[in-house]
Amino acid sequence: MPFVNEDKRTAYATELATADIGRRVTVNGWCARQRNLGSLIFIDLRDRSGIIQLAFDESTDRETFETAANVRSEYVLTASGVVRSRGADINVNRPTGTIEIAVDRLKILCKAETPPFFITEGDTDVRNELRMRYRYLDLRRPEMMKNIIARSEITKLVRDYYHEKGFIEIETPNLIKPTPEGARDYLVPSRIFPGNFFALPQSPQLYKQLIMYAGFDRYIQIARCYRDEDLRADRQPEFTQIDMEMSFVTEDDVMDMNEGLIHYLYKKFLGVTLPEKFPRIKYAEAMERFGSDKPDIRFGFELCNLTDLLKDCTFRVFEGAIAAGGSVRAINVKGGASFTRREIDSLGEVAKQYGAKGLAWRKKANGEVTSSYAKFLSDAENAAIDKRMDFSEGDLIVIVADNNKIVFDALGALRRECAARLGLLRPDDFKFLWVVEFPLFEYNEEDGRFYARHHPFTAPMEEDIPLIKTNPGTVRARAYDIVLNGTEIGGGSIRISTPDMQGLMFETLGIGEEEAEAKFGFLLEALKYGIPPHGGLAFGLDRLVALTLGYDDIRDVIAFPKAQNSSEPMSRCPAPADPQALHELGIAVINKTDDNEGTGSK
RNA sequence: GGCCCGGUAGUUCAGUUGGUUAGAAUGCUAGCCUGUCACGCUAGAGGUCACGAGUUCGAGUCUCGUUCGGGUCGCCA
C-alpha cells in the first residue's frame with residue numbers, strides 16, 4: 001500500500017502519555033504482538049522509542065477490525081485514532097501502560113515473513129550466529145536500539161566537549177602508507193601502481209602529529225581504525241577511536257583534559273558524578289600490586305611478594321622459581337574459602353593458561369585450615385606467610401611461583417577470576433584510573449631486539465634519556481593509559497619533537513638510517529621545521545560506550561560487528577574478487593582451492 | 001597457530017548404558033473467545049539430530065575428519 005501524507009507519524013509511541021488523552025494521533029511502526037480476543041484485538045506497535053497498544057473493537061468498526069485480524073508479527077503499520085485511557089486495565093510494566101489508541105484507520109504498509117527469532121523486549125537467548133546473520137532484526141530489539149542510540153548520544157557529547165575546549169575536528173586519510181611495526185595492516189591494492197598497496201590506518205597517529213606540526217594546536221577526530229588481528233569480545237578488526245592531540249602541553253595537561261571528558265560524559269549521560277581526580281599509579285606499582293597494567297580496582301586481593309620469606313625454602317616448586325630469578329607471590333581472596341576443591345582446581349587451570357605450572361593454596365573455612373603446600377614448608381615459613389597475608393577465617397591464599405612475567409600474568413588473571421566468582425564485578429561501579437610511566441621499550445627474546453611498547457614516537461622521561469644508550473629496558477616513557485574496571489579504554493603519550501631524539505629512538509629499535517628514511521622520511525624531514533611540544537590520547541569509543549552501558553562485549557554497541565573469524569556473517573564477506581578486477585590490479589591469487597572461496601560460498 | 005565449550009523442530013532446550021515411531025516449551029497455521037498485555041482454550045503442521053567417514057547386528061548417543069558459532073592463549077607498536 002502506498003504511503004501517503006495522512007499516514008505520516010504525529011508522535012513516537014512512548015511520546016504519548018495521559019496528557020494526550022482525547023488527542024487524535026498517527027503512529028508508524030512494527031507489530032510486536034497481536035492479541036485477538038474474538039471481537040477485540042490488541043496490537044503492540046513498536047517503533048524506535050518503544051511500544052504503544054492499539055485497540056480494535058469489532059462492534060464499533062468492523063472494517064478496521066478485520067484489517068487488524070490479518071496483522072502478523074513484524075508487519076509494518078500506520079495507525080490513526082484517538083488516545084484514550086485504559087481505565088483500570090493498566091500495564092504497569094510499560095511507560096505507556098495506562099493509555100492506548102482506539103484505532104479507526106489502520107494500514108498494513110508491508111507484510112513480513114515470520115522472523116527466524118522473536119524480537120524480544122528484554123534479553124535475548126538466541127545464539128549469536130543467528131543474531132549476526134539477521135542483524136537488522138536483532139537491531140529491532142529495544143535493547144540493541146537503545147545501545148546504538150546511546151552510542152550516538154555519547155559521540156555527540158564527546159564532540160560537544162572538545163569543541164567547547166577549542167578543539168578542531170580534522171579528517172585524516174583512510175588510504176595510507178603501510179606501517180612497518182605493530183599490528184597487521186589491512187592492505188588495499190593500487191590500480192594505478194600495480195604491486196603497490198595502501199594500508200587502512202591502525203590509528204591516525206602520524207597524521208595527528210603532523211596536524212600539530214602544522215599548528216592547529218588542538219585536534220580531535222572520531223576515527224575509524226583497522227587492525228588485521230584476531231578479535232576478542234573487546235576487540236574488533238574495525239573499531240572507532242576518539243582521537244585527540246594537543247600542543248604546548250605536558251602529560252598532566254593531556255590527562256586533565258581527558259579526565260574532564262569522562263566527567264562531562266558521566267554527568268551528562270548517566271547523571272553520575274565521578275571522583276574529582278582519578279588515581280594515577282605508576283606501571284611498576286600496578287604490576288607489583290595487581291599483576292596487571294590495566295588493574296581492576298573495584299575489589300582488593302592485591303598481590304603480595306613472599307620471595308624474601310622463602311629464601312631457605314626446600315619446597316622444590318618455590319625453591320626452583322627463586323633460584324631461576326623469579327618470585328613467589330600470593331593473593332588473599334577474602335571469602336574464597338567457600339570455593340570447593342573442584343573450584344580451586346579450576347583456578348589452577350586458569351593459572352595454566354598464563355604459563356604457570358599450577359598454583360598452591362591455603363584456606364580457612366569454619367575454623368579448619370586446609371592447604372596444598374603447608375606440609376612442604378617449615379612451621380616458621382607457614383606462620384610468616386599467614387602473618388604477611390593477614391590469613392584469617394574465610395580466606396583463600398593463592399600462590400604462584402615462576403618467573404615474574406608468569407607470576408604477574410597468572411595472579412592478575414586469578415585476582416579477576418576470583419572476584420568474578422564472588423560476584424564482586426558490579427558493572428555499575430565505575431572505577432577509573434591512570435597508569436603512567438610505562439616502559440618505553442620492550443625486549444623481544446625471539447629476535448633479540450627492543451620494540452617500542454607504545455609506538456616509536458613516544459617521548460622518554462627526561463631523567464631517563466641517558467639510559468637509552470646504556471640500559472634501554474629501564475627507560476620510562478611519557479605515556480599514560482586510562483583504565484576502567486580492568487579494561488584499557490584509552491592511551492597516549494607526549495611525542496618526540498626533535499629529529500635527534502627521533503633518530504636515537506630508531507637507532508635503539510634497530511632501525512637503520514636508510515630504513516628510517518624509507519619508512520618515516522617524511523616525518524623526519526617534517527621534524528626539522530619547527531615542532532611544538534605535543535602529545536595526545538586515543539580512547540576506544542566502542543569499549544567506552546560498552547562499559548558505560550554495562551556490557552563487556554563491544555558487539556553490543558556496534559551496529560554491524562564482525563564475527564570471531566573477522567568475517568561478516570550477514571553480507572558474507574570477505575568474498576572472492578572478480579577476476580577482471582584482480583587482473584587490473586596486477587594481483588594473482590595463489591593456493592586458491594575449491595574449499596577456499598571466502599565466506600560467501602559456504 | 002594452540003587449547004576449551006557448543007551445533008537435535010522456526011527458536012530455546014531435554015534425549016538414560018548405543019536399541020523399536022526423537023520429546024518439551026515457545027513460535028507458526030486453523031477454529032473458538034469483549035479488556036488482553038508472555039491473553040486463554042482446542043486441534044494441527046513442523047526434524048538431512050551441522051556435514052562426511054568409521055566402529056557396530058544397530059549411532060542423535062562412541063571414534064576420526066570437516067564446517068559453523070563462542071571463549072581464550074599467542075597476537076593486538
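Letters A, B, ... mirror the listed sequences (proteins, then strands); counts begin at 1.
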Practice task
Tell me yes or no: between the side chains of A:Gln353 and A:Glu349, is some donor less than 3.5 Å from an acceptor?
Solution key: no

With a 4.0 Å cut-off on heavy atoms, is [X] in touch with a base, just the backbone sugar-phosphate, or nothing at all?
| X | answer |
| --- | --- |
| A:Arg453 | sugar-phosphate |
| A:Arg72 | sugar-phosphate |
| A:Arg416 | nothing |
| A:Gln34 | nothing |

Handout entry: A:Ala233 or A:Ile90, whichever maps to the more 5' nucleotide of RNA chain B
Key = A:Ile90

Practice task
With RNA chain B as reference, determine whether A:Leu130 or A:Tyr451 sits nearer its 5' end, using the nearest nucleotide of each.
Solution key: A:Leu130

Exercise for the section: If the plane angle is over 60° it's perpendicular, under 30° parallel, otherwise tilted; pick one for A:Phe520 and A:Phe506. Expected result: parallel

Exercise for the section: Can you label the angle between the A:His455 ring and the A:Phe457 ring as parallel, tilted or perpendicular, going by 30° and 60°? Expected result: tilted

Take the protein atom [atom1] of [X] and the nucleotide atom [atom2] of [N], then report the distance between them rounded to whole Å.
| X | N | atom1 | atom2 | value |
| --- | --- | --- | --- | --- |
| A:Arg131 | B:rC68 | CZ | C1' | 17 Å |
| A:Gln564 | B:rC4 | CD | C1' | 12 Å |
| A:Asp57 | B:rC33 | CG | P | 14 Å |

Exercise for the section: Using atom types as modelled and distance alone, determine if a side-chain donor or acceptor of A:Thr64 lies under 3.5 Å from a backbone N or O of A:Leu106. Expected result: no

Return the polar atom pairs (N/O with N/O) between nucleotides 40-47 of chain B and the protein under 3.5 Å, or none.
none

Exercise for the section: Considering just the side-chain nitrogens and oxygens of A:Arg232, establish if one lies under 4.0 Å of OP1 or OP2 belonging to B:rC75. Expected result: no

Problem - Sub-4.0 Å heavy-atom contacts from residues 113-126 of chain A onto RNA chain B, ordered by number - result: A:Thr114, A:Pro116, A:Asp125, A:Val126

